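Presented below is the structure to which this report refers.
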Amino acid sequence: MTHRFAVVLGLALAACGAQGDAIPPAGSTSADPVVSTAVPYTDVDLTSCLQMPDSAAPTADACPGFIRTALAPTGETCSEFGGVLQPMAAPIIWSLDADADGEPEFLFDVTQNYYCDGAPSALSCGSLGCPVFLYAGRDDAWAVLGHMNAEDVSRADVLAARGGSGYGTLSGGCGGIRPCEELTHYTWDGSSYDRTAMVVRGHGVDVSPGGLWTLAGDTPVLSEPVAGAEVLDSYPAGTQMVVIGDARDAPYRYVSPCNVCERGFVATDALTQEASP
């Protein structure tokens, strides 16, 4: 598929610090350099995309195909709740080159670009936002290569690919502000991107579907997986926490005490796993 979109790749490594403190995925021995950075893609008329009839052929000039793909089910959901789908004032879309082939991939979340007038809750995804999908042109269609958390998308970096796969690790966080105390890495598994690792205040964390765990006793949540580190907050025995992952080089787990609480590290032996229902 030949794109007529302009790809502007941010190669300002010096200005961005070249991500020199990045922790690579497990099994790697050194940090991967940044090879490109996601940039805003604004050459889209959201109203025209919405007004195009379903029978119209998807063309790059009229409306990118990945937007057309997402609009149909979103519009149906909005209608079921009694609302009418409307465009936002300006597009929020990011382009990057994940596989270094010179053609852009696009990070797009329909709920950041359209709203359900009359039924706003119809498209709500909660306090963490909806997933932002990564679309790639394949022949004459669009494929979804995975998704990123909304908080990780702004100015996401593409790190140099390993093992000759062609697809580099995606790294993002902090709303695009650098330096960042919590970066999330999404690695290519051969068919899609998956959230696998994080860099938290310089410490590697392997992401795991940890679920809910409970504190066995009164416990501090620390800024780093090190005894004597700064205490972010303290919680009483019985407090439930979401385990995000395991510190790579120390017996600590990275946890989220609540949606609005500061994330931090808790000693592994201070947590007991919730029993399955």
Side-chain angles (χ1 to χ4, degrees), residues 13-34 37-38 126-129 132 148-157 159 169-187 194-274:
L13 302 188
C16 299
Q19 210 69 10
D21 59 350
I23 306 296
S28 301
T29 58
S30 62
D32 297 320
V34 175
T37 298
S127 61
L128 298 180
V132 180
M148 298 181 72
N149 293 342
E151 62 186 355
D152 297 330
V153 170
S154 299
R155 218 229 71 184
D157 291 320
L159 308 183
T169 294
L170 306 181
S171 175
C174 299
I177 298 173
R178 299 292 187 270
C180 178
E181 288 191 343
E182 181 185 287
L183 290 168
T184 301
H185 285 182
Y186 298 78
T187 55
D194 191 25
R195 186 173 70 126
T196 57
M198 302 178 73
V199 186
V200 181
R201 302 180 186 95
H203 299 277
V205 173
D206 292 318
V207 173
S208 62
L212 280 176
W213 291 62
T214 302
L215 291 179
D218 296 351
T219 306
V221 174
L222 306 178
S223 62
E224 299 181 67
V226 179
E230 176 190 359
V231 175
L232 300 176
D233 209 338
S234 294
Y235 296 86
T239 301
Q240 292 182 329
M241 298 185 172
V242 174
V243 171
I244 300 171
D246 299 313
R248 187 166 295 172
D249 300 317
Y252 287 84
R253 290 197 164 100
Y254 188 53
V255 302
S256 175
C258 69
N259 283 342
V260 295
C261 301
E262 190 167 6
R263 299 168 177 173
F265 294 91
V266 168
T268 300
D269 58 10
L271 291 160
T272 58
Q273 191 167 24
E274 289 290 285

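FYI, the numbering just counts along the sequence from 1. Predicted model only: the values in this text are computed from it and were never measured.
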Check your understanding: Between P257 and V221, what is the shortest heavy-atom contact and its length?
Key -> CG-CG2, 4.4 Å
Review point. When you measure from the side chain of T268 to the backbone N and O of P251, does any donor-acceptor pair fall under 3.5 Å?
Key: yes
Review point. Okay, side chain of R195, backbone of V207: is any donor-acceptor separation there less than 3.5 Å?
Key: no
Review point. Side chain of Y254, backbone of P225: donor and acceptor closer than 3.5 Å?
Key: no
Exercise for review: Answer whether the closest heavy-atom distance between the side chains of L215 and M241 falls below 4.5 Å.
Suggested key: yes
Exercise for review: Identify the two heavy atoms, one from A247 and one from F265, that lie closest to each other, and give their separation to 0.1 Å.
Suggested key: CB-CE2, 4.1 Å
Check your understanding: Is D246 salt-bridged to R248, going by a charged N under 4.0 Å from an acidic O?
Key -> no
Check your understanding: So how far is it from T272 OG1 to W213 CH2, rounded to the nearest 0.5 Å?
Key -> 8.0 Å
Practice item. Check whether any side-chain heavy atom of Y235 sits under 4.5 Å from a side-chain heavy atom of V266, and report yes or no. Key: no
Check your understanding: How many angstroms lie between CE in M198 and CD in E181, if you round to the nearest 0.5 Å?
Key -> 12.0 Å
Check your understanding: Looking at OG of S154 and CE of M148, how far apart are the two atoms once the value is rounded to the nearest 0.5 Å?
Key -> 9.5 Å
Study note, to complete from the structure: The reported gap from OG1 in T214 to CG in L271 (rounded to nearest 0.5 angstrom) is 8.0 Å
Review point. Taking all atoms of both residues into account, what is the closest heavy-atom pair of V231 and L222, and its distance?
Key: CG2-CD2, 3.8 Å
Practice item. Evaluate the side-chain proximity of V205 to I244: yes if any heavy-atom separation is below 4.5 Å, no if none is. Key: no
Point to revise | Spatial distance of atom CG (D152) from atom CG (L183) [nearest 0.5 Å] | key: 8.5 Å
Point to revise | Close side-chain approach of V200 to R263, heavy-atom, < 4.5 Å | key: no
Point to revise | Exceeds 12 heavy-atom contacts within 6.0 angstrom, atom CG of D249 | key: no
Exercise for review: Could you check if a side-chain atom of T196 sits within less than 4.5 angstrom of a side-chain atom of D206, using non-hydrogen atoms only?
Suggested key: no
Exercise for review: Examine distances only and state if a side-chain atom of S171 and a backbone atom of D157 form a donor-acceptor pair shorter than 3.5 Å.
Suggested key: no
Study note, to complete from the structure: Residues G217 and T219: closest non-hydrogen pair is O-OG1, 2.7 Å
